[in-house]
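Residue numbers start at 1 and run along the sequence shown.
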Amino acid sequence: MAEDDGYTKDGTVDYCGNPANKKETGTWKACPYILGNECCERLAYYGMSTNLVLYFKNRLNQHSATASKNVSNWSGTCYITPLIGAYLADSYLGRYWTIAVFSIIYAIGMTLLTLSASVPGIKPTCHGHGDENCRATTLESAVCFLALYLIALGTGGIKPCVSSYGADQFDDTDSAEKERKSSFFNWFYFSINIGALIASSLLVWIQDNVGWGWGFGIPAVAMAIAVVSFFSGTRLYRNQKPGGSAITRICQVVMASIRKYNVEVPADESLLYETAETESAIKGSRKLDHTNELRFFDKAAVLAQSDKVKESKNPWRLCTVTQVEELKSILRILPVWATGIIFSTVYGQMSTLFVLQGQTMDTRVGNSTFKIPPASLSIFDTLSVIFWVPVYDRIIVPIATKFTGNKNGLTQLQRMGIGLFISIFSMVAAAILELIRLRMVRRHNYYQLEEIPMTIFWQVPQYFIIGCAEVFYFIGQLEFFYEQAPDAMRSFCSALSLTTVALGQYLSSLLVTIVTKISTRNGSPGWIPDNLNFGHIDYFFWLLALLSVVNLIAFLVVSMLYTYKRPVGTLR
């Protein structure tokens with residue numbers, strides 16, 4: 001073990017580019033600024049996006065289908081741009097400058113969106129009270145969409161980097177700091193949901209009752225605070241050096257392996273090529289120990305006769321073991337990544353079928369005349385997360401540690417598996433509720449009622465269960481993709497994990513399309529008709545529960561076969 005000289009051994013540097021001093025930088029000294037940035041950014045994002053479909057419909061005068069499509073397209077873009085931000089962070093800019101630059105772009109987009117909703121000449125013109133008889137010119141719509149896609153670009157630099165950047169503040173080679181890193185991911189997700197809680201309650205009310213100028217203006221101010229919060233911690237941050245183009249390195253391994261397809265890999269792994277230095281040839285990355293899986297790619301590290309001449313060591317013909325293991329790490333992650341798609345499909349029901357189910361129920365709060373919007377019940381998912389994060393961090397982890405001997409209580413894969421298991425019961429709860437609701441409809445002939453006399457708060461359990469599943473699965477996923485990613489590809493792997501959300505939404509749409517086409521044959525109303533009293537969305541929930549069970553089994557198989565990466569040594 002390297003001698004502790006007061007500096008980090010994971011290759012991080014301070015804001016001046018010097019080796020990071022443990023006492024003066026990183027850990028929980030730096031994290032509050034990162035968590036503050038994330039909380040305010042999520043408040044801005046959810047505060048602006050939660051009601052966006054109504055803004056398109058009422059202010060830009062778009063048809064429901066058009067408004068829904070435009071929101072879906074924009075939301076999908078928000079989960080694609082992280083791949084761009086991650087590539088720039090890992091390869092060239094580093095996480096600090098990527099977050100800094102893209103946060104400013106995000107703030108500019110939020111400011112422009114606020115102006116487009118409040119300044120005469122670029123805001124839609126309305127004739128009447130509130131959102132009545134609104135029209136938007138081509139210019140006004142263009143300004144609005146320019147602002148939104150600036151925001152999508154901005155979030156692409158923040159989403160994949162900020163969780164990894166927070167984890168960078170803890171030295172992997174220091175056992176005490178590494179233990180605290182797991183706790184960081186819990187509180188990181190906690191901060192996201194604090195922002196979401198404020199957005200889904202206060203800001204939605206402001207947009208509906210005060211106006212869109214204020215409704216977008218407050219998120220814009222929140223984003224400005226996020227930028228200030230991030231820059232305030234500059235002197236305390238530890239920064240990983242960018243490692244150069246990961247895409248190029250991966251292509252080099254693939255090409256070198258193909259070129260040497262007829263070369264036999266030696267049984268003695270010490271004969272494979274690796275640099276003699278203690279540090280990896282990849283800047284900002286520790287060496288990785290050789291693993292026996294995916295041995296075809298080991299051919300890239302076999303020293304052929306022509307490679308033994310120093311001048312001829314072409315990286316497209318000969319790669320280091322670390323470079324080969326970098327590609328293997330990504331390939332090993334992919335099966336685990338794929339099992340997250342079904343979970344995201346289940347998670348996505350909160351904004352689709354759960355809302356439609358809630359619309360058919362009594363939305364009054366108690367005996368009052370106040371009605372709660374069905375979409376607002378997602379606040380119970382947020383409250384569930386806020387409840388379970390400290391319970392997990394302060395109660396479950398210490399108890400689990402006594403049984404497992406793991407300082408973090410559970411491994412990341414164990415935590416994710418528990419999350420997948422819990423998510424099954426959210427679909428079971430939703431299906432049982434719908435079964436009871438339909439029995440009431442049939443018993444009392446409520447088919448033509450828009451709201452049957454059954455309180456919407458019976459939906460709370462299914463929201464609360466999903467929130468609990470999130471704490472186990474999504475936080476475990478964040479930590480897993482950070483820990484198992486190669487040192488120089490951590491932002492990319494964080495972006496990769498985010499794509500499961502988009503793919504989960506696409507899978508949900510595909511399932512609805514298939515189910516609708518099959519169930520509406522012979523004139524049947526199908527599982528998901530316009531009037532759900534004639535439908536059977538309980539069948540759809542049971543289908544998702546079944547798919548979740550199959551997905552859990554697949555995850556267990558993948559987990560048992562998974563080989564954890566093995567970093568070697570330090571970077572200093």
Taking all heavy atoms of Ser175 and all of Lys407, pick out the closest pair and write down the distance.
CB-NZ, 4.4 Å

Spatial distance of atom OH (Tyr79) from atom OG (Ser497) [nearest 0.5 Å]
10.5 Å

Side chains of Ser164 and Ser494: do they bring a donor and an acceptor to under 3.5 Å?
yes

Sub-3.5 Å donor-acceptor pair from the side chain of Gln323 to the main-chain atoms of Arg249, do we have one?
yes

Go through the steps to decide whether Ser183 and Asp393 satisfy the test side chain to side chain donor-acceptor pair (under 3.5 Å), and finish with yes or no.
CA-CA 7 Å; Ser183 184; Asp393 196 62; 3.2 Å; yes

Run the ring-centre check on Phe296 versus Tyr261 and record whether the distance is less than 6.0 Å.
no

Assess whether a salt bridge exists between Lys159 and Glu38, defined as any Lys/Arg side-chain N lying under 4.0 Å from an Asp/Glu carboxylate O.
no

Could you tell me the separation between the NZ atom of Lys23 and the CG atom of Asn21, rounded to the nearest 0.5 Å?
8.0 Å

Atom SG of Cys319 and atom CD of Glu326: how far apart are they, to the nearest 0.5 Å?
10.5 Å

Under the side chain to side chain contact (heavy atoms under 4.5 Å, CB included) criterion, do Met416 and Val336 qualify, and how do the steps go?
CA-CA 10 Å; Met416 292 166 68; Val336 178; 3.7 Å; yes

Pairwise side-chain contact, Asn70 with Phe145, heavy-atom cut-off 4.5 Å (strictly under)
yes

Any side-chain heavy-atom pair from Leu236 and Gln169 closer than 4.5 angstrom?
no

Within 45° of the six-membered ring axis of Tyr165 and under 6.0 Å from that ring's centre, is NZ or CZ of Arg95 located there?
no

Residue that, paired with Tyr237, satisfies ring pair (Phe, Tyr, Trp, His ring centres under 6.0 Å) out of Phe231, Phe230, Tyr15:
Phe230

Tell me if the aromatic rings of Trp337 and Phe343 count as close, with their centers under 6.0 Å from one another.
no

Atom pair OG/CD of Ser384 and Glu470 - distance to nearest 0.5 Å
7.5 Å

Quick one, Phe190 with Trp388, criterion ring pair (Phe, Tyr, Trp, His ring centres under 6.0 Å). Give me CA distance, side-chain angles, the key distance, then yes/no.
CA-CA 9 Å; Phe190 182 87; Trp388 282 107; over 10 Å; no

Does the side chain of Asn292 come within less than 4.5 Å of Arg295's, by heavy atoms?
yes

Crowding at CH2, Trp97 (>12 non-hydrogen neighbours, <6.0 Å):
no

Distance to the ring centre below 6.0 angstrom and angle to the axis at most 45 degrees; does that hold for Arg415 and Tyr392?
yes

Do Asn406 and Thr411 touch side chain to side chain, with heavy atoms closer than 4.5 Å?
yes

Carefully, step by step, assess Cys31 and Trp187 under the rule side chain to side chain contact (heavy atoms under 4.5 Å, CB included).
CA-CA 10 Å; Cys31 286; Trp187 294 106; over 6 Å; no

Would you say the side chains of Glu325 and Thr291 form a donor-acceptor pair under 3.5 Å?
yes

Report yes if the side chains of Asn239 and Asp168 come closer than 4.5 Å at any heavy-atom pair, otherwise no.
no

For Ser508 and Gln349, what are the C-alpha separation, side-chain angles and deciding distance, and is it a side chain to side chain donor-acceptor pair (under 3.5 Å)?
CA-CA 8 Å; Ser508 180; Gln349 301 313 305; 3.1 Å; yes

Less than 4.5 Å apart, side chain to side chain, heavy atoms only: is that true for Glu483 and Lys181?
yes

Phe474 vs Tyr347, test: ring pair (Phe, Tyr, Trp, His ring centres under 6.0 Å). Steps then yes/no.
CA-CA 11 Å; Phe474 277 144; Tyr347 176 76; 5.3 Å; yes

For Tyr562 together with Phe555, are the ring centres under 6.0 Å from each other?
no

Would you find a donor on one side and an acceptor on the other, under 3.5 Å apart, between the side chain of Asn37 and the backbone of Ala226?
yes

Looking only at atom types and distance, does a side-chain atom of Thr382 sit under 3.5 Å from a main-chain N or O of Asn193, one as donor and one as acceptor?
no

Whether the side chain of Asn314 engages the backbone of Trp316 through a donor-acceptor N/O pair (distance < 3.5 Å, no angle test) should be reported.
yes

Parallel, tilted or perpendicular: which one describes the rings of Tyr564 and Phe480, with boundaries at 30° and 60°?
perpendicular

When you measure from the side chain of Thr345 to the backbone of Ile341, do you find a donor-acceptor pair of N or O atoms at a distance under 3.5 Å?
yes

Carboxylate-amine/guanidinium proximity below 4.0 Å for Arg235 and Asp14
no

Report the C-alpha separation of Leu511 and Leu547 in whole Å, then their side-chain angles, then the decisive distance to 0.1 Å, and conclude whether the side chain to side chain contact (heavy atoms under 4.5 Å, CB included) test is met.
CA-CA 11 Å; Leu511 289 174; Leu547 290 175; 3.9 Å; yes

Do Tyr273 and Val321 have side-chain heavy atoms sitting under 4.5 Å apart?
no

Heavy-atom check, side chain of Thr12 versus side chain of Phe170, under 4.5 Å:
no

Mind listing the closest non-hydrogen atom pair of Tyr106 and Ala44 along with its distance?
OH-C, 4.4 Å

Test your reading of the model: is there a side-chain donor-acceptor pair from Thr155 to the backbone of Ile151, 3.5 Å cut-off?
no

Which heavy atom of Lys260 sits nearest a heavy atom of Val302, and at what distance?
NZ-O, 2.6 Å

Under a 4.0 Å N-O cut-off, is there an ion pair linking Asp172 with Arg286?
yes

Any side-chain to backbone donor/acceptor pair from Ser191 onto Phe188? Under 3.5 Å, distance only.
yes

So, does Ser75 use its side chain to make a donor-acceptor pair with the main chain of Val71 at under 3.5 Å?
no

Strictly below 4.0 Å, N to O, side chains only: are Asp171 and Arg238 in salt-bridge contact?
no

Whether the side chain of Asn186 engages the backbone of Val389 through a donor-acceptor N/O pair (distance < 3.5 Å, no angle test) should be reported.
no

Taking all non-hydrogen atoms of both residues into account, name the closest pair between Pro242 and Ala89 and its distance.
CB-O, 3.9 Å

Closest non-hydrogen atom pair between Leu288 and Thr322, with its separation
N-OG1, 3.1 Å

Which value, rounded to the nearest 0.5 Å, describes the distance between Arg317 atom CZ and Ser257 atom OG?
11.5 Å

Interatomic distance, Gln477 atom CD to Leu413 atom CG [nearest 0.5 angstrom]
11.0 Å

What's the shortest heavy-atom distance between Leu303 and Leu271, and which atoms?
CD1-O, 4.3 Å

Can you tell me if Glu41 and Ser103 form a side-chain donor-acceptor pair at under 3.5 Å?
no

After noting the C-alpha distance and the side-chain angles of Glu269 and Asp289, does the key distance pass the side chain to side chain contact (heavy atoms under 4.5 Å, CB included) rule?
CA-CA 10 Å; Glu269 63 185 54; Asp289 204 1; 4.0 Å; yes

